[in-house]
Amino acid sequence: MPLLQYQPLSHCHDSSKFQRLNKHLSPIAALITLSISFPITAAQSPLMLAKSLPNDRLNPAYYSDDNQIHDTFTVADYLVSEKLDGIRAYWNGQQLLTKTGNIIHAPSWFYANFPATPLDGELWIERGQFQALTRIVLDSEPNNEAWRSVNYMVFDLPHNNAPFSDRYQQLQTLIQQQRDQNNQPLNHLQWVEHKSLDNLAILEQWLDIVSSHNGEGLMLHHKSNNYTAGRTEHLLKLKNHQDAEAVIIGYEEGNGKYQGMMGSVWVRTATNDTFKIGSGFNDQQRQVPPAIGSTIQYRYNGYTNNGIPRFARFIRVRNNPDS
């Protein structure tokens with residue numbers, strides 16, 4: 001089918017009013033298009049970022065025993081935790097900031113009894129509640145009652161020079177010491193539990209359990225790693241799927257039960273690849289689809305022989321770089 005520019009059905013009930021969209025972007029222009037969706041408004045926080053550990057690296061063909069992938073990855077060298085589908089938050093000792101350095105407008109009671117020590121973690125509700133979390137956390141006018149469902153899940157001490165295995169122990173002690181005005185523990189301030197695993201089979205089993213319960217995946221943090229800003233190979237994220245972003249450039253009308261609605265969206269990535277995504281949308285999103293030019297996050301499982309993401313499905317609209 002041709003690439004189409006679609007109008008919401010509330011304004012367009014005639015499929016003849018769909019318009020073709022054939023504009024081609026250079027690779028640089030495509031990258032700019034993806035970038036300008038998120039204007040930079042503050043200096044980025046000095047956070048440590050993870051690299052991906054491809055799931056196929058856990059295939060037995062890649063490792064020589066039950067603990068080591070050749071000489072590059074030994075699971076016992078890492079502390080492992082669940083990867084939370086939350087919003088990254090940096091506590092600088094006075095206020096909460098997003099990963100891009102923007103202030104998070106939390107109610108004062110939420111952070112009033114946080115320590116003066118800088119913390120790195122994620123604001124989180126529970127699995128599958130990312131959209132609800134985004135509405136709460138990124139609102140410039142905090143809703144007190146809504147914030148009571150939010151937890152600050154801390155996983156590191158960014159200004160501590162000790163190796164991660166020691167930082168993790170110090171982090172637990174620090175969180176346990178925090179009390180409210182009634183000398184009660186801060187239930188919304190928690191540390192992310194990490195475990196030391198003996199072999200890859202247990203790692204794979206845990207990944208499968210988390211994924212089957214709609215979890216994001218796992219994080220692996222090398223025990224001897226020092227906290228450094230930027231992406232590091234000593235902090236790894238492991239998923240059963242891959243996530244990426246692209247800009248919507250057009251639509252195709254649906255068939256069957258989706259007749260008269262959006263059937264799929266055409267997207268363009270930062271590398272100028274174009275393809276369509278037809279799954280992951282609910283009926284409301286098909287009736288009033290995300291706008292042309294908006295950035296979406298999609299999930300996929302590897303690539304086709306032509307280099308196109310396999311089984312691509314819509315996850316969410318990225319309204320800003322902190323969501």
Query raised in the report: For the rings on Phe314 and Phe281, is their centre-to-centre separation under 6.0 Å?
Result: yes
I'd like to know if Arg127 pairs up with Glu216 as an ion pair, taking the criterion as any Lys NZ or Arg NE/NH1/NH2 lying under 4.0 Å from an Asp or Glu carboxylate oxygen. no
- Report yes if the side chains of Arg167 and Asp156 come closer than 4.5 Å at any heavy-atom pair, otherwise no. yes
In this structure, CG of Asn255 is separated from CD of Glu253 (nearest 0.5 Å) by 7.5 Å
Taken to the nearest 0.5 Å, the spacing of Leu218 CG from Ser211 OG works out to 7.0 Å
Does one hydrophobic cluster hold both Phe130 and Ile315, with members joined at side-chain heavy-atom distances below 4.5 Å? no
Asp198 side chain near Val75 side chain, heavy-atom distance below 4.5 Å: no
task = Tell me yes or no: between the side chains of Asn282 and Arg286, is some donor less than 3.5 Å from an acceptor?
result = no
Asp120 and Tyr227: side-chain donor and acceptor closer than 3.5 Å? yes
| query | Is the centre of the Phe164 ring less than 6.0 Å from the centre of the Tyr78 ring? | reply | no
Do any N or O atoms from the side chain of Asn182 and from the backbone of Gln184 form a donor-acceptor pair under 3.5 angstrom? no
Side-chain touch Trp206/Lys195, heavy atoms, less than 4.5 angstrom: yes
Checklist entry - Is a salt bridge present between Lys239 and Asp243, judged by a nitrogen-to-oxygen distance below 4.0 Å? => result yes
Here the gap from Arg88 atom CZ to Leu97 atom CG, rounded to the nearest 0.5 Å, amounts to 12.5 Å
Can you tell me if Gln95 uses its side chain to pair, donor with acceptor, with the backbone of Trp91 under 3.5 Å?
-> no
message = Is it the case that the side chains of Asp180 and Trp109 hold a donor-acceptor pair, with the cut-off being a distance below 3.5 Å and no angle test?
response = no
Cation-pi between Arg313 and Tyr298: NZ/CZ under 6.0 Å from ring centre and within 45° of the ring axis?
no
Closest heavy-atom pair, Leu235 versus Met48, reported as atoms and distance to 0.1 Å, is CD2-CG, 4.1 Å
Q) Between Tyr152 and His188, does the ring centre distance come in under 6.0 Å? A) no
What one should report as the nearest heavy-atom pair of Ala76 and Ser196 is O-OG, 4.2 Å
Above 12 or not: heavy atoms from other molecules or residues under 6.0 Å from CD of Gln170? yes
With no hydrogens and no angle check, just 3.5 Å: does a side-chain donor-acceptor pair link Ser224 and His222?
yes
Under a 3.5 Å cutoff, is there a donor and acceptor pairing between the side chains of Gln297 and Arg316? yes
Heavy-atom nearest pair, Asn151 first then Ile125, reads ND2-O, 4.3 Å
Exceeds 12 heavy-atom contacts within 6.0 angstrom, atom CD of Gln131: yes
task = Examine Leu138 and Trp124 and state if one hydrophobic cluster contains both, with Ile, Leu, Val, Met, Phe, Trp and Tyr joined whenever side-chain heavy atoms are less than 4.5 Å apart.
result = no
>> Within the structure provided, determine whether Thr117 and Leu174 are in side-chain contact (heavy-atom separation under 4.5 Å).
In response: yes
CH2 (Trp191) and CG (Leu171) are apart, to the nearest 0.5 Å, by 8.0 Å
